[in-house]
Structure formats: C-alpha cells, structure tokens
Amino acid sequence: MNLKSERRGIHVDQSELLCKKGCGYYGNPAWQGFCSKCWREEYHKARQKQIQEDWELAERLQREEEEAYASSQSTQGAQSLTFSKFEEKKTNEKTRKVTTVKKFFTASSRAGAKKEIQEAKAPSPSINRQASIETDRVSKEFIEFLKTYHKPGQDIYKQCKLFLDTMNHKRDLSIEEQSECAQDFYQNVADKLQTRWKVPPEKVEKAMDQIEKYIMTRQYKYVFCPETTDDEKKDLAVQKRIRALHWVTPQMLCVPVNEEIPEVSDMVVKAITDIIEMDSKRVPRDKLACITRCSKHIFNAIKITKNEPASADDFLPTLIYIVLKGNPPRLQSNIQYITRFCNPSRLMTGEDGYYFTNLCCAVAFIEKLDAQSLNLSQEDFDRFMTGQTSPKKQESDSFSPDVCLGVKQMCKSLDLLSQLNERQERIVSEAKKLEKDLIDWTDGITKEVKDIVEKYPLEIKPKGQALAAIDSENVENDKLPPPLQPQVYAG
C-alpha cells in the first residue's frame, strides 16, 4: 500500500501551521488560524466596528423613542398634563434612555450570582493551603529574581501588583477580555524593558517568564476553565471521543514506532506521562514545557525505531497516537488556558510554539477522525466505534521478553474473546439462514403436494362382491383320480 495514501487523512502541510496572514509566525486554531499578534489586530478591528455599530443602533433607538414620545404628547394635548408634570416625565424618560444606552457597553451585573456560585464551589481548605504555600514560594522567588534588576526590578514589581489589583476588580469581564488585558500587559512590560530600561533581549525573556509565573500562579483559579465558558463541556466531549477510539492501533495511523524495542517503549511511556502531567501545572509556560518534553520523547522514539531523524509527517501521527493512548485530563481547558494567558512570543515562534500548534492539530484531527482517515471501510469503522468487534490483538509470540505473563495472558484472553464473538456472530447468521431455508423448503413441499392433490384427486370406490374360487363350479372334483406319484427308475 502506498505510504502517501495511508497518510492522506493525517498529513498536514507545514505551511498550514503558520499564520494565515503570512507574517511567518505560528497560527492557532483558537485564533482562527492567526498568530497572536495578527489575531489581536483583527480582534481590535472587529471590536471597534461592533462598538461603533452598537452606538449607532443606540442613538437611532433613542431618536425613535424621542420622536414617538413627542408625537404622542402632541396628540394628547396640553390639557392632559400640567407643564410641571410634563417636564418631570420628560426628565425621567431621558434618564431611562441614557441608562438603556449605557447598558449596551457595560458588563452584565452578575457579580452577586457569581460570588454565590464560587462560594458554593469553594475548594477544600487543604487545597487552599497548598495553593497558598505555592503562591508564597513563587512570590519569594520572584522578589529574589527582581533584585538582580535593581531599579527596573522595583518598577516591574509595582506594575505587576497594579495589574493584579486591576484584574481583581475585573472579575465580571468575559474570559476573552481578561485574556486581552493580560496580553496587553505582557506587551507593555516587554516594550518598557527593551526601550526604557534597555534590558538585553535574553534577560527580557527571562524576566517575562518570571512575570508570567508570578501573575498566573495567582490568577489560575479564576481564569482556568471558568464557569462562564464551555471549556468543561468541550473537555468531556474530547474525553468521550478518545475513549470511543480506544481500538485505534499504531498501524492504522501509520505510526513509525516499534514499542517492542525496550528503549522505544520507555520513550512512549514518558511521552504519555508528560502530556498527562500538563494538567497539574499552574503556569502556561510550565504546561508548554510538558508538551515540549512529550514531543522530544516522540522524536527520540521515532529516531530509535527508524535509525534516522524523524520528519514532521512521522511526528504528527505519533502525537495523535500518544494523545489517544494517554487521554490527557481537561485537554481543551489546558489548550485554551495556554492560548489565552501564555506569553504570546512563546506561541508565535520557537519549538514551544511549533509543538503546541501540532498538539492543536492533533486534537482537531481526533475530533474529525473518520473511516477514510484510517483506511477502513465505513462498516468496519462503525462496528469498531460501537464495540461490536475490535481489531485483531497482538499474538503472544510477538511480545517482547520484558512483558509480564499477566499482560500476555490478558491479551490472549481478549483475542480469544474476540474470535469467539466473531464465531458466534457467524453461527447466529448461519442459523438464521438455515431457519429461513427450512421454512422456504416446507412451504415449497406443501405447495407441491397441494398442486398434485388438486390435479389428481383421490377417488374411493364402494366395496364390491367377493370373487369366487376358481374351482368353485367343479362339483364332481371328488370323482377325480388321485394324483400321480413319482416313480423311481431302478435300472
């Protein structure tokens, strides 16, 4: 089978990973294919356009209400209301209209309800203590780090404290608006470090990593998988989808990894561990580091198997296989959290951005995976998805010597059950066919007998006189001579 045809559903051109605006940075499905910089520009344009349209709509509605009010007052006449009452009503009407217009551009006042929900879902004291300990440790490390920057370090600390206070007062904003605030803060601090304080580029990157760690450690419980989004719903959908695809084998995905090699098997286990560990981290950069380590283990596993460096076409199918095998918890929430609150420079360039973009592509592929992607017939794909049958498991003689006896026996049992299930299905099918044949044969015989009986009906004649004996009329038979006796000739 042609290798290209096997990968037709998995192959992703590397140009598709870049920003569709052509700036050269890595794009992201969450940003509609744009990089962080281009997405913010497009977002600002769309936002300004929406605000302008809302203002025009509000002004038009206000004019229409004023005209309708003036028209109604003119028809009713001046006798219905005194001048003082008219002025009072007009003032109240204008106040109500201004309030209505302002509501177009203010966030909904749901702070009270959100507080009640947060109090109802408050974490246990042990979790709070653990978070507090980690927050204190990160704060001390951040302060010690800023001491090396002297005067700029003090200004950075003040900026961070001011940003945290601002975010605390913006809890009622949408998660997209909070993300926009964080991205603007990252950009402003990086610009100040480079222009005002003349910090070298390598130190700017380290400073931004520490700033992100200090801020997001405190903001994590508020902005990770917030209740105002559908992140949790997406997590459950992806998790359910991956569980339904538990039967997918490396051969179906064209994964160039041989897990029978002990070193390769260790690399696969480490890659799965890293992708699962991502959920335990609180800082976006640490989550990205888990993705990067996982990807490097994948490249090493491919290199050991093929005895040559891995290509991008080898990496993506293997990453899909690792995600299917590991089923990382809260996968969509982690991806959205990194997209919203990670330092944008890390997602736009470098190996972290490349590996993260590939992970997004892998998740998108899993969500849309179909029979054609795996080179299966639609009938087989549906049977595998519904659990009616499963692909043939490994034979016992193909296991590596390191595999324990229990695993071998389990695979044998699963293989035997699969064969018995297939045999039972064949027997049931043949039994139903035999039953149908017997029914058809019985119906055919009955029809033939009926036709013959109708064609040659059975006639029963009445009983007649008994026939007389042949010699009944020979009355003088007693005068006959006796019968001749045989004579023996003596000589």
Side-chain angles (χ1 to χ4, degrees), residues 19 23-26 28 30-31 34-44 47 134-171 173-224 226 281-289 292 336-353 356:
C19 175
C23 62
Y25 295 122
Y26 290 118
N28 192 305
W31 294 327
F34 293 103
C35 68
S36 175
K37 181 179 179 182
C38 296
W39 166 250
R40 291 177 66 194
E41 294 176 356
E42 296 294 326
Y43 177 78
H44 278 301
R47 191 176 180 184
E134 184 176 359
T135 301
D136 293 341
R137 178 181 59 81
V138 171
S139 299
K140 292 179 181 178
E141 293 177 355
F142 185 59
I143 292 173
E144 290 297 324
F145 173 79
L146 292 180
K147 288 180 179 179
T148 60
Y149 284 74
H150 305 293
K151 177 62 176 175
Q154 298 178 6
D155 293 337
I156 291 173
Y157 186 75
K158 291 179 181 178
Q159 293 287 333
C160 292
K161 294 292 290 184
L162 180 61
F163 173 75
L164 289 173
D165 292 339
T166 303
M167 291 296 291
N168 289 333
H169 290 89
K170 292 184 176 181
R171 295 278 181 244
L173 294 179
S174 66
I175 193 64
E176 287 77 15
E177 292 173 325
Q178 295 185 53
S179 171
E180 190 70 18
C181 292
Q183 300 294 331
D184 290 339
F185 175 74
Y186 290 148
Q187 189 64 43
N188 292 334
V189 173
D191 292 342
K192 287 181 180 179
L193 286 172
Q194 293 176 349
T195 57
R196 182 186 298 179
W197 298 314
K198 306 299 181 183
V199 178
E202 60 275 6
K203 296 190 72 175
V204 170
E205 184 177 355
K206 292 181 180 179
M208 294 306 300
D209 290 341
Q210 292 296 325
I211 290 171
E212 177 189 312
K213 183 177 181 180
Y214 175 73
I215 289 174
M216 298 315 302
T217 302
R218 284 166 167 71
Q219 295 294 310
Y220 177 80
K221 62 181 179 181
Y222 303 112
V223 298
F224 181 83
K281 304 299 182 182
R282 298 166 65 90
V283 183
R285 181 174 62 90
D286 294 341
K287 293 181 181 290
L288 271 181
T292 301
Q336 292 296 331
Y337 177 68
I338 294 172
T339 301
R340 292 165 181 159
F341 296 101
C342 184
N343 186 358
S345 61
R346 282 193 171 274
L347 299 182
M348 293 163 58
T349 57
E351 61 180 7
D352 289 342
F356 179 71

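Residues Ser139 and Arg218 are in side-chain contact: their nearest non-hydrogen atoms beyond the backbone lie under 4.5 Å apart. Between Ile215 and Phe185, some side-chain heavy-atom pair lies under the 4.5 Å cut-off. A 4.5 Å side-chain heavy-atom check between Arg137 and Glu134 finds at least one atom pair inside the cut-off.
Residue Cys181 comes nearest to Phe163 through the heavy atom pair O-CE1, 3.7 Å, listed as atom of the first residue, atom of the second, then distance.
In this structure, the side chain of Glu212 does not engage the main chain of Cys342 through any donor-acceptor pair within 3.5 Å. No donor-acceptor distance shorter than 3.5 angstrom exists from the side chain of Thr148 to the backbone of Glu144, with no hydrogens or angles considered.
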Could you list the donor-acceptor pairs under 3.5 angstrom formed between side-chain atoms of residues 195-211 and any protein atom two or more places apart in sequence or on another chain?
unit_1 : atom_1 : unit_2 : atom_2 : d
Thr195 : OG1    : Asp191 : O      : 2.5
Lys198 : NZ     : Thr195 : O      : 3.1
Asp209 : OD1    : Arg346 : NE     : 3.2
Asp209 : OD1    : Arg346 : NH2    : 3.3
Asp209 : OD2    : Arg346 : NH2    : 2.8

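Here Asp184 contributes atom CG and Ser179 contributes atom OG; the two are 9.0 Å apart, rounded to the nearest 0.5 Å. For the atom pair Thr166 OG1 and Gln159 CD, the distance stands at 9.5 Å (nearest 0.5 Å). From Phe356, atom CZ reaches atom CE of Met348 across 14.0 Å, with rounding to the nearest 0.5 Å. Separation of atoms CZ (Arg340) and CD (Gln183) is listed at 11.5 Å; rounding is to 0.5 Å. Here the straight-line distance linking atom CG of Asp286 with atom CE of Met216 works out to 11.5 Å at 0.5 Å rounding. Here the CZ atom belonging to Arg285 is positioned 9.5 Å from the CG atom belonging to Leu288, to the nearest 0.5 angstrom.
Not counting sequence neighbours, the partners of Phe224 by the ring pair (Phe, Tyr, Trp, His ring centres under 6.0 Å) test are Tyr220, Tyr337. When the side chain to side chain donor-acceptor pair (under 3.5 Å) test is applied to Gln219, the partners found at least two apart in sequence or on another chain are Arg171. Residues meeting the ring pair (Phe, Tyr, Trp, His ring centres under 6.0 Å) test with Tyr186, sequence neighbours left out: none. A search for side chain to side chain donor-acceptor pair (under 3.5 Å) contacts involving Glu351 returns Lys296, not counting sequence neighbours. The side chain to side chain donor-acceptor pair (under 3.5 Å) check on Thr292 picks up Asp352, with sequence neighbours excluded.
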